[in-house]
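Input: a single structure, listed below in structure tokens.
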Amino acid sequence: MQTAPGITAALKDFYFQGVQLNVTSFEVVYIPKRQDAKIETNSGARFTGKVADFISNIKPGDQIIFRKIRAVGPDKQPRTLNSIPFQIK
């Protein structure tokens, strides 16, 4: 995860090939082991600011949740995608 520049949205096994969703924003809940949760909003798909700091400092036992993921498809309609939780091992 620390080498990923951001998050992407993929339409796996979608009937129409080549259709893409572009992530426009998301919220990150970072829960360091035995500490209080930290929440930050990120604009765009790339990790920036505090979110990039969270990602670069994750350690085993931490949790990170990407939620409120907003993306736009070819129809230009914004949509909210499912949350993505991770438990760092």
Side-chain angles (χ1 to χ4, degrees):
M1 180 177 295
Q2 291 176 326
T3 60
I7 61 174
T8 60
L11 296 170
K12 187 177 179 184
D13 299 325
F14 190 63
Y15 183 77
F16 298 105
Q17 297 298 317
V19 175
Q20 294 183 329
L21 293 174
N22 296 314
V23 174
T24 57
S25 66
F26 56 93
E27 186 176 88
V28 174
V29 180
Y30 173 54
I31 310 167
K33 188 176 181 179
R34 296 189 184 102
Q35 294 182 38
D36 292 333
K38 301 173 184 178
I39 302 171
E40 289 292 330
T41 300
N42 195 95
S43 293
R46 294 185 65 83
F47 300 139
T48 59
K50 289 275 192 181
V51 172
D53 291 342
F54 294 164
I55 300 298
S56 65
N57 292 315
I58 54 175
K59 296 174 186 63
D62 293 350
Q63 295 179 51
I64 196 159
I65 303 164
F66 299 96
R67 66 182 191 183
K68 298 182 183 175
I69 303 167
R70 301 287 292 163
V72 175
D75 60 358
K76 305 295 185 214
Q77 294 299 313
R79 60 198 78 213
T80 301
L81 307 179
N82 293 338
S83 297
I84 308 169
F86 289 98
Q87 174 74 41
I88 308 304
K89 301 276 182 183

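Note that the structure is a prediction, hence the values are computed from the model and not measured.
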For the backbone of N57 and the side chain of K59, can you confirm whether one donor and one acceptor N or O come within less than 3.5 Å of each other?
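Between the backbone of N57 and the side chain of K59 there is a qualifying donor-acceptor contact (under 3.5 Å).
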
Any donor-acceptor pair under 3.5 Å linking the side chain of S25 with the backbone of R70?
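No, the answer is negative, given that no donor and acceptor are paired below the 3.5 Å cut-off.
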
Spell out, yes or no, whether [X] and [Y] are grouped together once hydrophobic residues are joined by side-chain heavy atoms under 4.5 Å, including indirect joins.
X   : Y   : answer
V28 : I39 : no
F86 : V51 : yes
I65 : L81 : no

CD1-CD1 distance between I31 and I88, expressed to the nearest 0.5 angstrom:
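That separation rounds to 11.0 Å.
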
Roughly how far, to the nearest 0.5 Å, is CD of E40 from CZ of F54?
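Those atoms lie 5.0 Å apart.
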
Closest approach of A37 and V29, non-hydrogen atoms and distance?
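Closest approach of A37 to V29, heavy atoms only: CB-CG1, 4.1 Å.
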
How far apart are the closest heavy atoms of K33 and P60, and which atoms are they?
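That closest heavy-atom pairing would be CD-O, 4.1 Å.
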
Measure the shortest side-chain to side-chain distance between Y30 and I58 over non-hydrogen atoms and say whether it is less than 4.5 angstrom.
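Side-chain contact under 4.5 Å: yes.
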
With a 6.0 Å cut-off (strictly less than), is the heavy-atom count around [atom1] of [X], excluding the residue itself, greater than 12?
X   : atom1 : answer
Q20 : CD    : no
D75 : CG    : yes
R46 : CZ    : no

Qualifying residue, where the test is side-chain contact (heavy atoms from CB on, under 4.5 Å) with F66 and the options are I7, N42, V23
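When I7, N42, V23 are each tested with F66, the side-chain contact (heavy atoms from CB on, under 4.5 Å) holds only for I7.
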
Determine whether R79 and L21 satisfy the following criterion, side chain to side chain contact (heavy atoms under 4.5 Å, CB included), listing intermediate values before the conclusion.
CA-CA 9 Å; R79 60 198 78 213; L21 293 174; 4.2 Å; yes

